[in-house]
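What follows is a short report on a single structure.
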Amino acid sequence: AQRVTQPEKLLSVFKGAPVELKCNYSYSGSPELFWYVQYSRQRLQLLLRHISRESIKGFTADLNKGETSFHLKKPFAQEEDSAMYYCALAPPGGSYIPTFGRGTSLIVHP
Amino acid sequence: DAGVIQSPRHEVTEMGQEVTLRCKPISGHNSLFWYRQTMMRGLELLIYFNNNVPIDDSGMPEDRFSAKMPNASFSTLKIQPSEPRDSAVYFCASSADREIQYFGAGTRLSVL
């Protein structure tokens, strides 16, 4: 069975501090991994996906197959990064139905 | 395109009443998803349609919940009768084949 675990419900940091939002997954194979973000009063939207290997708004995420992790990182947090972050997994091939983690609320203090 | 459109944005109802949530997917998308978001359980997939056909409804919590997609541009999620524990934010999302999902703004449901 596929599963996504985000161990932290809440992460609180100060502006300028490094941020790492943890995501571990369980899947026998090579899934696609994503990070979605939900800013206050806005809809959920895709932040980045591992196959793109890109940096969005200063965030990066590296897929570590050995540790089955896809942690989201940013070297210097900004107040506007405060949001709810969801890690998601989708199986390769077939129907495209992501499994979401429970989410981590990031609060960046000034 | 205006994106995925959900209505109403907020719904307050009394226990036992019927609640109908509506969703208009992005034109051209052939997959539609209904999710429920709560503090305790995060984002849960309720049901998934592909080409208007329900493919996976294993996430629908009880028989009180039902969903329909009569055509490619409209879907409903109905709760009858509603209960206080149904209070949550309900999201609709749509996607084209093998592409990322686009979410609506959600409906915040409060059952008193």
Side-chain angles (χ1 to χ4, degrees), chain A residues 1-11 21-26 30-54 56 61 70 83-107, chain B residues 1-10 21 23-26 28-60 67 88-108:
Chain A
Q2 59 197 54
R3 182 180 299 171
V4 177
T5 303
Q6 293 180 250
E8 303 141 328
K9 290 186 78 172
L10 173 66
L11 186 61
L21 293 97
K22 292 184 168 54
C23 172
N24 290 92
Y25 66 90
S26 174
S30 299
E32 293 191 47
L33 277 299
F34 309 83
W35 277 98
Y36 280 80
V37 60
Q38 184 181 24
Y39 300 103
S40 179
R41 298 189 180 87
Q42 295 187 29
R43 63 191 66 196
L44 207 67
Q45 57 187 294
L46 180 71
L47 179 62
L48 54 81
R49 59 198 302 185
H50 89 273
I51 61 174
S52 301
R53 303 184 68 83
E54 57 193 345
I56 304 294
F70 189 57
M84 194 75 176
Y85 291 81
Y86 288 94
C87 183
L89 173 157
S95 62
Y96 191 84
I97 308 176
T99 296
F100 285 85
R102 292 194 178 185
T104 298
S105 177
L106 173 65
I107 299 176
Chain B
D1 198 317
V4 176
I5 300 173
Q6 290 186 246
S7 64
R9 289 296 307 277
H10 303 275
L21 311 181
C23 175
K24 182 181 187 306
I26 292 174
H29 283 187
N30 60 350
S31 295
L32 184 139
F33 308 78
W34 281 102
Y35 290 91
R36 179 172 66 179
Q37 183 186 45
T38 61
M39 287 292 291
M40 289 299 295
R41 302 170 71 93
L43 201 62
E44 301 174 277
L45 177 65
L46 300 177
I47 188 168
Y48 154 59
F49 292 87
N50 185 251
N51 293 323
N52 312 339
V53 176
I55 302 300
D56 183 355
D57 65 353
S58 59
M60 296 285 265
V89 181
Y90 290 82
F91 286 102
C92 177
S94 72
S95 69
D97 276 335
R98 302 290 305 145
E99 294 298 322
I100 63 169
Q101 296 177 326
Y102 291 84
F103 283 77
T107 295
R108 184 174 296 276

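By convention in this document, chain letters (A, B, ...) are assigned in the order of the sequence lines, proteins followed by strands, and residues within each chain are numbered from 1.
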With sequence neighbours excluded, what pairs up with B:Arg36 under the salt bridge (Lys or Arg N to Asp or Glu O under 4.0 Å) test? B:Glu44
Could you pull out all residues at least two apart from A:Glu8 that satisfy salt bridge (Lys or Arg N to Asp or Glu O under 4.0 Å)? none
Would you mind checking which part of A:Gln38 comes under 4.5 Å of any heavy atom in chain B, side chain (CB onward), backbone (N, CA, C, O), both or neither? side chain
Let me know if A:Leu44 has heavy atoms under 4.5 Å from chain B in its side chain, its backbone, both or neither. both
Shortest non-hydrogen contact between B:Gln101 and A:Tyr36, atoms and distance: N-OH, 3.5 Å
Nearest heavy-atom pair of A:Arg102 and B:Met40: which atoms, and what distance? NH1-O, 3.2 Å
First locate atom CD of B:Gln37, then atom OH of A:Tyr86, and finally report the distance between them rounded to the nearest 0.5 Å. 3.5 Å
Engaged part of B:Leu43 at the chain A interface, taking heavy atoms whose separation is under 4.5 Å: both
Interface moiety of B:Tyr102 toward chain A, non-hydrogen atoms closer than 4.5 Å: neither
Can any side-chain N or O of A:Arg43 pair as donor or acceptor with the backbone N or O of B:Val4 at less than 3.5 Å? yes
